[in-house]
Every structure is written in C-alpha cells, then in structure tokens.
**Q** 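Please read through the structure below; I'll follow up with questions.
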Amino acid sequence: MVRFAALVIGLTLYACSPPETAERPEPSAAEQAVHPVSGLPLITVTVDTGERRIDFVTELANSPEAQEQGLMFRTKLGEFEGMLFPSQTPQARSFWMKNTPLPLDIIFVAPDGRIANIEGGVPYSTDSVASDGPAAAVFEIRGGRAAALGIEPGDLVEWEAPE
C-alpha cells in the first residue's frame, strides 16, 4: 500500500511538472551582468598594450563596502577576470591582501588611464602595496597574469561604468 501511495504521488508530481521542452525564460540583461558570487556589476575592462587589446570580465567594486570586501576569501579567479576599484577623485591608493588567499597583480591606473605601476599581492599579507602617485582606479587580476600577457606600466586601461 505504501508503494502504491508513493507511486501515485510521484506520478502526480510528474504530471504537474513542466514538460522538458518547455522554454525557460532567459535571464534579464541585469541578471546576466552581475557576478554570481559577489553580486557586483560586471563590466569589460580592456588593457591596450600597444600591440594588442586584452579584455577582462570585471567585477565593479562601486561602493565603499564592495571596495572593503574586494576579493577577500575568494579562491578562484579566471585567467581573464578581475575586479576594478574606481576612485571618485584620483588619489594615492594602497591595498593589502588580508583574508585574500589568491595571489593578485594589483594594477594602479593613473588619472590619464595609463598603468602607473603593478605590484604583486601576496596572499594573506597585511603589508600594503601603494600606487606611484594618484590613481583613478585599481585593477586586480590573478597573480602573474600581467607578466604572462605582457601588461606593463604605460599601457592603457579602459572601461565604461554602468549608469
């Protein structure tokens, strides 16, 4: 009797389920443009080395809370992923890696959009790395990627923040 009841319940649930061929709604543009872990907006950041343009899918840390959190506790970052920390007013910036298990390249972007300097972020370090002068933004990518891709000071960094 228990098996029969389970069979009836199972058939009822199956009959109420949408058919396999039913179209599922596509995520909206806003849902597609948000990082699944951080919930931050996603933008494209392009580094122009003069020889090639390299695009990165980038989380936009556009609030003080997002900038404070940064990539802390994150264990994965793709080869062409990053996080951008824009400054409302260009200023000297410094970063540390407390609670950040990933090695990072910390790219300081000058007000003219060119890379001022690149520093290596050591996992879990509380030592600060600083910009060489005022920075309009800081762009973090996976450690070692800047050298591997030929990204260096003087290269142009471009992005458009969503409205």
Side-chain angles (χ1 to χ4, degrees), residues 24-163:
R24 297 182 192 271
E26 290 293 320
S28 70
E31 290 171 326
Q32 290 177 353
V34 174
H35 191 273
V37 174
S38 68
L40 294 175
L42 290 174
I43 62 171
T44 299
V45 171
T46 303
V47 178
D48 186 340
T49 68
E51 297 189 13
R52 68 184 201 155
R53 295 174 59 81
I54 307 162
D55 290 338
F56 293 86
V57 175
T58 304
E59 297 167 68
L60 180 62
N62 56 358
S63 70
E65 297 80 19
Q67 290 197 12
E68 186 177 320
Q69 176 69 31
L71 290 168
M72 285 196 304
F73 308 109
R74 296 277 287 279
T75 57
K76 294 181 182 177
L77 188 65
E79 291 186 357
F80 293 95
E81 294 178 347
M83 184 175 278
L84 184 73
F85 302 79
S87 295
Q88 288 194 336
T89 303
Q91 58 188 309
R93 301 288 301 265
S94 63
F95 277 61
W96 64 352
M97 299 282 293
K98 183 178 182 183
N99 299 321
T100 306
L102 294 170
L104 299 172
D105 287 340
I106 303 172
I107 300 171
F108 295 95
V109 183
D112 65 358
R114 302 232 170 243
I115 296 174
N117 59 305
I118 302 172
E119 302 295 333
V122 177
Y124 299 108
S125 176
T126 56
D127 295 336
S128 290
V129 294
S131 60
D132 290 344
V138 177
F139 181 44
E140 293 181 339
I141 60 177
R142 199 165 81 190
R145 293 298 291 155
L149 296 169
I151 297 172
E152 54 191 31
D155 291 346
L156 184 62
V157 180
E158 301 170 310
W159 70 91
E160 287 188 31
E163 295 178 12

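Given the structure is predicted, the values throughout are model-derived calculations rather than measurements.
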**Q** Determine whether a donor-acceptor pair (N or O, by modelled atom type, separation under 3.5 Å) exists between the side chain of Glu81 and the backbone of Gly78.
**A** yes
**Q** As an exercise, state the distance from CD of Glu160 to CD1 of Ile43, rounded to the nearest 0.5 Å.
**A** 9.0 Å
**Q** Quick one: do Arg142 and Glu79 make a salt bridge, cutoff under 4.0 Å?
**A** yes
**Q** Is there side-chain contact between Ile141 and Asp105, with heavy atoms separated by less than 4.5 Å?
**A** yes
**Q** Give me the atom names and distance for the closest heavy-atom approach of Phe95 to Ile106.
**A** CB-CD1, 4.2 Å
**Q** Distance-only, no hydrogens or angles: does the Asn99 side chain make a donor-acceptor pair with backbone N or O of Phe73 under 3.5 Å?
**A** no
**Q** Evaluate Val45 against Asp55 for side-chain contact (heavy atoms from CB on, under 4.5 Å), listing each step before the verdict.
**A** CA-CA 6 Å; Val45 171; Asp55 290 338; over 6 Å; no
**Q** Considering only NZ, NE, NH1 and NH2 on the basic side and carboxylate oxygens on the acidic side, decide whether Glu140 and Arg145 come within less than 4.0 Å.
**A** no
**Q** Would you indicate whether the side-chain heavy atoms of Glu59 and Ser38 approach each other to under 4.5 Å?
**A** yes
**Q** Less than 4.5 Å apart, any side-chain heavy atom of Leu71 and any of Leu77?
**A** yes
**Q** Side-chain contact test, heavy atoms from C-beta onward, threshold under 4.5 Å: evaluate it for Leu102 versus Lys76 and give yes or no.
**A** no
**Q** Going by side chain to side chain contact (heavy atoms under 4.5 Å, CB included), Val157 matches just one of Thr46, Ile151, Ile115. Which one?
**A** Ile115
**Q** Do Arg53 and Asp48 meet the salt-bridge criterion of a basic N to acidic O distance under 4.0 Å?
**A** yes
**Q** For the backbone of Pro123 and the side chain of Ser125, can you confirm whether one donor and one acceptor N or O come within less than 3.5 Å of each other?
**A** no
**Q** Using side-chain contact (heavy atoms from CB on, under 4.5 Å), reason through Val122 and Val129 one step at a time and then give a plain yes or no.
**A** CA-CA 10 Å; Val122 177; Val129 294; over 6 Å; no
**Q** Please report the closest heavy-atom contact between Asn62 and Pro41, naming both atoms and the distance.
**A** ND2-CG, 3.6 Å
**Q** Donor-acceptor pair, Gln67 side chain versus Pro86 backbone, under 3.5 Å?
**A** yes
**Q** Any idea which heavy atoms bring Ala110 and Ala136 closest together, and the distance?
**A** O-CB, 3.8 Å
**Q** Can you check whether Ala130's main-chain N or O pairs, donor with acceptor, with Asn117's side chain at less than 3.5 Å?
**A** yes
**Q** Could you go through Phe80 and Leu149, starting from their C-alpha distance and side-chain angles, then the distance that decides it, and tell me whether this counts as side-chain contact (heavy atoms from CB on, under 4.5 Å)?
**A** CA-CA 10 Å; Phe80 293 95; Leu149 296 169; 4.0 Å; yes
**Q** Does some side-chain heavy atom of Phe56 sit less than 4.5 Å from a side-chain heavy atom of Thr44?
**A** no
**Q** Could you tell me whether the side chains of Arg93 and Ser87 share a donor-acceptor contact shorter than 3.5 Å?
**A** yes
**Q** Of all the heavy-atom pairs spanning Ser131 and Phe108, show the shortest one and how long it is.
**A** CB-CD2, 3.4 Å
**Q** Measure across Phe139 and Leu84 and return the closest heavy-atom pair with its distance rounded to 0.1 Å.
**A** CB-CD1, 4.0 Å
**Q** Could you measure the distance from the CD atom of Gln69 to the OG atom of Ser63? Nearest 0.5 Å is fine.
**A** 10.0 Å
**Q** Quick one, Arg74 with Thr100, criterion side-chain contact (heavy atoms from CB on, under 4.5 Å). Give me CA distance, side-chain angles, the key distance, then yes/no.
**A** CA-CA 7 Å; Arg74 296 277 287 279; Thr100 306; over 6 Å; no
**Q** How many angstroms lie between atom CD of Glu51 and atom CG of Asp155, to the nearest 0.5 angstrom?
**A** 9.5 Å
**Q** Working to the nearest 0.5 angstrom, can you tell me the gap between Leu42 CG and Met83 CE?
**A** 9.5 Å
**Q** Just verifying a value: how many Å separate Lys98 NZ and Thr126 OG1, rounded to the nearest 0.5 Å?
**A** 8.0 Å
**Q** Which atom pair, heavy atoms only, marks the closest approach of Trp159 to Val109?
**A** CZ3-CG1, 4.3 Å
